[in-house]
Peer 1: 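Below is one structure. I have some questions about it.
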Amino acid sequence: MSPGPGPATERAVPAEPSVPAVRAVRGAVTVAEDTPQQIAAATRRLVGELLVRNGLDRDAVISLMFTCSPDLTSDTPALALREEGWEVPVLCAADTAWSGAPARTVRVLAHVTSCGPLAPVYLGDSAPTRPAQSPA
């Protein structure tokens with residue numbers, strides 16, 4: 001008589017919540033004026049709040065992608081972070097111009113390592129979503 005079937009095949013166990021994973025979190029901030037100082041201050045505030053509210057430290061940040069509304073031309077968020085000693089990859093781009101777009105807004109998409117859910121951060125007059133359709 002042959003032996004019965006072998007032991008049950010082990011199932012993959014989902015990763016524990018305490019195991020860091022790569023995640024992305026969004027944020028935005030409005031800038032008072034189009035000056036290098038205001039863009040730098042707003043960028044530092046946005047990234048700082050993103051870290052604090054999500055319980056992250058600088059080492060958790062893998063990369064950052066920024067967009068600026070078309071009316072912000074005096075500086076880029078990447079320069080503000082370089083002046084603060086940040087050495088992660090940072091990409092800056094111009095946001096799409098569209099009717100009804102919020103003025104003087106810096107947006108960020110941060111790629112981080114985290115063990116849990118992340119909360120987006122919207123400061124000033126920035127908003128989490130854009131209208132699905134531009135106003136007529």
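Index from 1, following the sequence.
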Peer 1: Partners of P70 by side chain to side chain contact (heavy atoms under 4.5 Å, CB included), sequence neighbours excluded?
Peer 2: A97
Peer 1: Are L51 and L123 connected in a single hydrophobic cluster, I mean Ile/Leu/Val/Met/Phe/Trp/Tyr linked by side-chain heavy atoms less than 4.5 Å apart?
Peer 2: yes
Peer 1: What pairs with D59 under side chain to side chain contact (heavy atoms under 4.5 Å, CB included), at least two apart in sequence or on another chain?
Peer 2: D57
Peer 1: In chain order, what residues pass the side chain to side chain donor-acceptor pair (under 3.5 Å) check against T113, with sequence neighbours excluded?
Peer 2: none
Peer 1: Heavy atoms only: give me the nearest T76-C92 pair and the separation to one decimal.
Peer 2: CB-SG, 4.1 Å
Peer 1: Got a sec, which residues hit salt bridge (charged side-chain N to carboxylate O under 4.0 Å, His left out) with R104, two or more places apart in sequence or on another chain?
Peer 2: none
Peer 1: Please name all residues satisfying side chain to side chain contact (heavy atoms under 4.5 Å, CB included) with A103, sequence neighbours left out, ordered by chain then number.
Peer 2: D71
Peer 1: Hey, any chance L64 and L56 share a hydrophobic cluster, counting ILVMFWY side chains that come within less than 4.5 Å of each other, even indirectly?
Peer 2: yes
Peer 1: Could I get the full list of side chain to side chain donor-acceptor pair (under 3.5 Å) partners for R53, not counting sequence neighbours?
Peer 2: E49
Peer 1: If the test is side-chain contact (heavy atoms from CB on, under 4.5 Å), which one of L72, V29, T43 qualifies with P77?
Peer 2: T43
Peer 1: What pairs with T73 under side chain to side chain donor-acceptor pair (under 3.5 Å), at least two apart in sequence or on another chain?
Peer 2: D34
Peer 1: Show your reasoning for whether side chain to side chain contact (heavy atoms under 4.5 Å, CB included) applies to R26 and M65.
Peer 2: CA-CA 10 Å; R26 298 182 321 155; M65 179 172 179; over 6 Å; no
Peer 1: If I compare all heavy atoms of S74 with all of I39, which pair ends up nearest, and what's the gap?
Peer 2: OG-CD1, 3.5 Å
Peer 1: Going by side-chain heavy atoms closer than 4.5 Å, which hydrophobic residues are tied to V22, directly or by a chain of links?
Peer 2: I62
Peer 1: Considering residues at least two apart in sequence or located in another chain, which fulfil the side chain to side chain donor-acceptor pair (under 3.5 Å) criterion with T30?
Peer 2: none
Peer 1: Find out if a path of hydrophobic residues (ILVMFWY) with successive side-chain heavy-atom gaps under 4.5 Å connects V106 to L109.
Peer 2: no
Peer 1: What's the spacing between F66 CZ and L81 CG if we round to 0.5 Å?
Peer 2: 4.5 Å
Peer 1: Between the side chain of N54 and the main-chain N/O of L118, is any donor-acceptor distance below 3.5 Å?
Peer 2: no
Peer 1: To the nearest 0.5 Å, how far apart are CD in Q37 and CG in D75?
Peer 2: 8.5 Å
Peer 1: Taking only residues two or more places apart in sequence, or in another chain, which ones meet E83 in a salt bridge (charged side-chain N to carboxylate O under 4.0 Å, His left out)?
Peer 2: none
Peer 1: I need the minimum non-hydrogen distance between Q38 and A32, along with the two atoms involved.
Peer 2: OE1-CB, 3.4 Å
Peer 1: Taking side chain to side chain contact (heavy atoms under 4.5 Å, CB included) as the definition, give me every residue that meets it alongside A28, ordered by chain and number, with sequence neighbours left out.
Peer 2: T105, R107, Y122, S126
Peer 1: Taking the side chain as every heavy atom from C-beta outward, state whether E87 and R58 have any pair of such atoms under 4.5 Å apart.
Peer 2: no
Peer 1: For the hydrophobic clusters of this structure (ILVMFWY residues joined by side-chain heavy atoms under 4.5 Å, transitively), does one cluster hold both V88 and L46?
Peer 2: yes
Peer 1: Where do V90 and R82 land on the side chain to side chain contact (heavy atoms under 4.5 Å, CB included) test, with the steps shown first?
Peer 2: CA-CA 9 Å; V90 179; R82 292 284 181 247; 4.2 Å; yes
